[in-house]
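Working notes, structure below.
Lettering follows sequence order; numbering is per chain, from 1.
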Protein chains: 2
Amino acid sequence: MLSKSSKYAIRAVLYLALHSSVEKKYSPIEIADAIDIPAPFLAKILQSLTKDDIISSIRGRNGGFYLTKKNKKNPLILVVNSIDGLHKFHECLLGLPVCSDENPCPIHHAVSPFKKQLEAELSNKSIDTLSKEVSEGKTHIFL
Amino acid sequence: MLSKSSKYAIRAVLYLALHSSVEKKYSPIEIADAIDIPAPFLAKILQSLTKDDIISSIRGRNGGFYLTKKNKKNPLILVVNSIDGLHKFHECLLGLPVCSDENPCPIHHAVSPFKKQLEAELSNKSIDTLSKEVSEGKTHIFL
DNA sequence: AAAATTTAAGATAAAATTATCTTCATAATT
DNA sequence: AATTATGAAGATAATTTTATCTTAAATTTT
Ligand code: FES
Ligand code: FES
């Protein structure tokens, strides 16, 4: 469903939402260590998210990746969209060329409501909101 | 979520459930043509399912793949289990090492019920039942 | 017994995804 | 201006998944 890149990205962005600010920036290595994912791969992902203006970065000494207040107001689905594309949420789980209530595959009815709910969840909740759930200990981005 | 192999397998098994019997067997090429997937790849998948006794085959002239009545009584999840393994249904969608209500990731609550329902659907409905829905035109295995 | 047809098995290849490395540009500090 | 720390960009590599091919074994028909 989600690529490994998207998974890493979501966790990294939430990590930045929790800990970073314009004053406190993070290197890919710091983030990767914290959430236990490969650092050079994460670096690539962060670059790509920066290009799409979903996270922020400053290079040079004392530089790093961080989230502005504006960044934190975005819904998390921007991250998935930037990396995997939204079509991931609209594809048939059995690989049929279209997924619709009109031409459902045998598992469409079990699957479709949840694809919609997951997409809605990621679209409606801001990065900020989701990161607060993490800081409150309700959810986790590493174990 | 499901590998391409599993997707192809599910559709091919349902195709066999619909059309095959001990008297009427199908070659990988016939099935692949019918549901529009690559034939040599499907052949491998069918071999593997045969080894796990989920479908039946007879080789030599007039041979082919088919489903016995017993085969049709099995739940479809056997197919997924044989190819991908059931862990697919128990993994965290964000890649955390465990997925549990105790240590949920930020999207666990949106996702977990869906995984359970899908697994239940595939476990409770037999191949026979699901193929009947296809024959009644309620669902589709190709478009 | 020979020929024809079909699955089984294993080797190989292509493509996509995941991961790493190396060099360059940029910014702050000294 | 030189040094140092950092992200950006692009090349490369490893791994996994997907796909194909080739040969062998089995079964029926002739
Ligand atoms: S048609 Fe297969 S999931 Fe909707
Ligand atoms: S913990 Fe992530 S889906 Fe359950």
Does OP1 or OP2 of dT18(C) have a side-chain N or O of Y8(A) closer than 4.0 Å? no
How are the rings of F114(B) and F114(A) set relative to one another: parallel (under 30°), tilted (30 to 60°) or perpendicular (over 60°)? tilted
Rounded distance in Å - CE (M1(B)) to C1' (dT17(D)): 18 Å
Just the rounded figure in Å: distance from P of dA26(D) to NZ of K25(B). 18 Å
Under a plain distance cut-off of 3.5 Å, with no hydrogens placed, do E119(A) and H90(A) share a side-chain donor-acceptor pair? yes
Within the 4.5 Å heavy-atom criterion, are H109(B) and P104(B) side-chain neighbours or not? yes
NZ or CZ of K4(A) within 45° of Y8(A) ring axis and under 6.0 Å: no
Option passing side-chain contact (heavy atoms from CB on, under 4.5 Å) with L76(A) (candidates V80(A), N74(A), V79(A)): V79(A)
Side chain proximity check, S112(A) to K116(A), heavy atoms < 4.5 angstrom: yes
Electrostatic pair E136(B)-K132(B), nearest N-O below 4.0 angstrom: no
For L42(B) and dT18(D), what is the distance between atoms CG and P respectively, to the nearest whole Å? 14 Å
Whole Å only: how far is the NZ atom of K4(B) from the P atom of dT16(D)? 19 Å
Between C1' of dT18(D) and NZ of K7(B), the distance in whole Å: 12 Å
For D52(A) and dA9(D), what is the distance between atoms CG and C1' respectively, to the nearest whole Å? 16 Å
I need the residues from residues 31-39 of chain A with at least one non-hydrogen atom less than 4.0 Å from DNA chain D; give them sorted by number, or say none. none
Decide yes or no for H19(B) and Y66(B): does some side-chain heavy atom of the first lie under 4.5 Å from some side-chain heavy atom of the second? no
Find the distance I29(A):CD1 to dC21(C):P and express it as a whole number of Å. 11 Å
Sequence neighbours left out, what passes ring-ring contact (aromatic ring centres under 6.0 Å, His included) with H108(A)? Give chain and number order. none
Treating primed atoms plus P, OP1 and OP2 as sugar-phosphate and everything else as base, which nucleotides of nucleotides 4-13 of chain C get B, S or - for protein heavy atoms under 4.0 Å? SBBBBBB---
